There are 2 protein chains.
Amino acid sequence: MAAMTNEDLRKAGLKVTVPRLKILEILERSPQRHMSAEDIYRHLLESDKEVGLATVYRVLTQFEAAGLITRHNFEGGHSVFEINAGEHHDHLVCINCGIVEEFFDGIIEQRQQAIADKLGFSITGHALTIYGMCLHANDGKCPRRK
Amino acid sequence: MAAMTNEDLRKAGLKVTVPRLKILEILERSPQRHMSAEDIYRHLLESDKEVGLATVYRVLTQFEAAGLITRHNFEGGHSVFEINAGEHHDHLVCINCGIVEEFFDGIIEQRQQAIADKLGFSITGHALTIYGMCLHANDGKCPRRK
DNA sequence: ATGTATGCAAAACATTTGCACCTGG
DNA sequence: CCAGGTGCAAATGTTTTGCATACAT
């Protein structure tokens, strides 16, 4: 299935190039599922080939348009990206250590649809992020502190 | 009650100054409830006294810390602010014309709390924004097009 | 008086764009 | 070969900061 990657790119009308493959690979393999453009850029620098930061942004934008990845605008002015592995979900972010948990709630999804219907909107997307402190935030022992 | 304003500022440990009063006034009086720092800055320029854009940002940040206003990070890299008039609510933004509708749904709020409990987070805040097209978006007749 | 606030200009970021060169199909 | 992709540097848009001056209490 890793071989599907090239096909995915072609289907999106994108040439299969080294930067694109590397970026996809990083997004797939990194234990950190939510990465900023800078994060990805840094990972790229650690490997051989040099890739420009501008290319990272261009590629991420194209991937998003192609539906391969999703962009999230968390608080703090920068975006993070994650590979579209399967089903939609929302996020819970610890304001102390920055860890991101994912969740999905069918009832919330239903209610959103109902609200949009009532107000005459056709939904194109939504962003639900809960901010809070994870269990260990208070005692300074956040296990996955950044 | 408009006279309360000064008191609100003092309670927040902020001196009562012209820029602060003007900014509060704009936030209270503008028909557009959700304004960016730039929006507010432009309104200020139209009145007599010159206020720097830097001051707008500083004051907005202080107001947010004081709980007088709320900052929202909608898509597109800039923030908008709104006065805290009463109850919490979430937003529905038309990606075509930019109008912002507000809504509140008790069930969604409940579900969020339940999810946070299950994952061991204590909620400090949340951002739920539904993006979509309002009824008139499709025919190019968006009534309140920006 | 005196600690805060402000204005201005410059800095700091995140992201985008122009352009000459490179590369995949 | 040639359209599309890339790197680099410069441009953008937003928000922050340093510093000398002005103001509220």
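Nothing here was measured: the structure is a model prediction, and the numbers come from that model. Every chain is numbered from 1, with letters handed out A, B, ... down the list of sequences.
Between B:Glu64 atom CD and D:dT15 atom P the separation is 12 Å, expressed in whole Å. Remark: C1' of C:dA14 and CZ of A:Arg42 are 13 Å apart, rounded to the nearest angstrom. In this entry the distance linking OH of B:Tyr41 with P of D:dT15 reads 14 Å, nearest Å. Rounding to whole angstrom units, CG of residue A:Leu21 and C1' of C:dT23 are separated by 14 Å. Atom-to-atom, CG of B:Leu9 to C1' of C:dT6 comes out at 15 Å; the value is rounded to the nearest Å. Rounded to whole angstrom, the span from the CD atom of A:Gln62 across to the C1' atom of D:dG4 amounts to 10 Å. Nucleotide C:dT15 holds its P atom 12 Å from the CG atom of B:Asn73, rounded to whole Å. One atom, CG of A:Asp39, and another, P of C:dT15, lie 11 Å apart when rounded to the nearest Å.
Within the 4.0 Å cut-off from OP1 or OP2 of C:dT15, at least one side-chain nitrogen or oxygen of A:Ser79 is found. Residue B:Lys49 places at least one side-chain N or O under 4.0 Å from the OP1 or OP2 atom of C:dG7. OP1 or OP2 of D:dT15 has at least one side-chain nitrogen or oxygen of B:Tyr57 nearer than 4.0 Å.
Using a cut-off of 4.0 Å between Lys/Arg side-chain N and Asp/Glu carboxylate O, B:Arg42 and B:Glu38 are scored as salt-bridged. In this structure, B:Glu25 does not pair ionically with B:Lys22, as no charged nitrogen and carboxylate oxygen lie closer than 4.0 Å.
Proximity note for A:Pro19 (side chain, C-beta onward) versus C:dA14, C:dT16, D:dT6: the nearest is D:dT6.
For the helix from C:dA1-D:dT25 to C:dA14-D:dT12, the axis fitted to the five pairs at one end and the axis fitted to the five pairs at the other end meet at an angle of 30° (nearest 10 degrees).
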Margin query: Generate the contact string for nucleotides 17-25 of chain D. Rules: B means base contact, S means sugar-phosphate contact only, - means no protein heavy atom under 4.0 Å.
Written below: BB-----BS

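No side-chain heavy atom of B:Thr129 sits less than 4.5 Å from a side-chain heavy atom of B:His72.
Although no hydrogens or angles enter the test, the distance criterion places a donor-acceptor pair under 3.5 Å between the side chain of B:Ser36 and the main chain of B:Asp39.
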Margin query: salt bridge (charged side-chain N to carboxylate O under 4.0 Å, His left out) for A:Arg33 and A:Glu102? Distances and angles first, verdict last.
Written below: CA-CA 10 Å; A:Arg33 267 180 57 77; A:Glu102 303 179 347; 3.0 Å; yes

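In this structure, a donor-acceptor pair under 3.5 Å is present between the side chains of B:Asp90 and B:His126. Of the N and O atoms on the side chains of B:His91 and B:Glu82, at least one donor lies less than 3.5 Å from an acceptor on the other residue.
Each of A:Tyr57 and A:Phe74 belongs to its own hydrophobic cluster when Ile, Leu, Val, Met, Phe, Trp and Tyr are linked at side-chain heavy-atom distances under 4.5 angstrom. B:Val18 and B:Leu68 fall into different hydrophobic clusters, where Ile, Leu, Val, Met, Phe, Trp and Tyr are joined by side-chain heavy atoms under 4.5 Å apart, directly or via other members.
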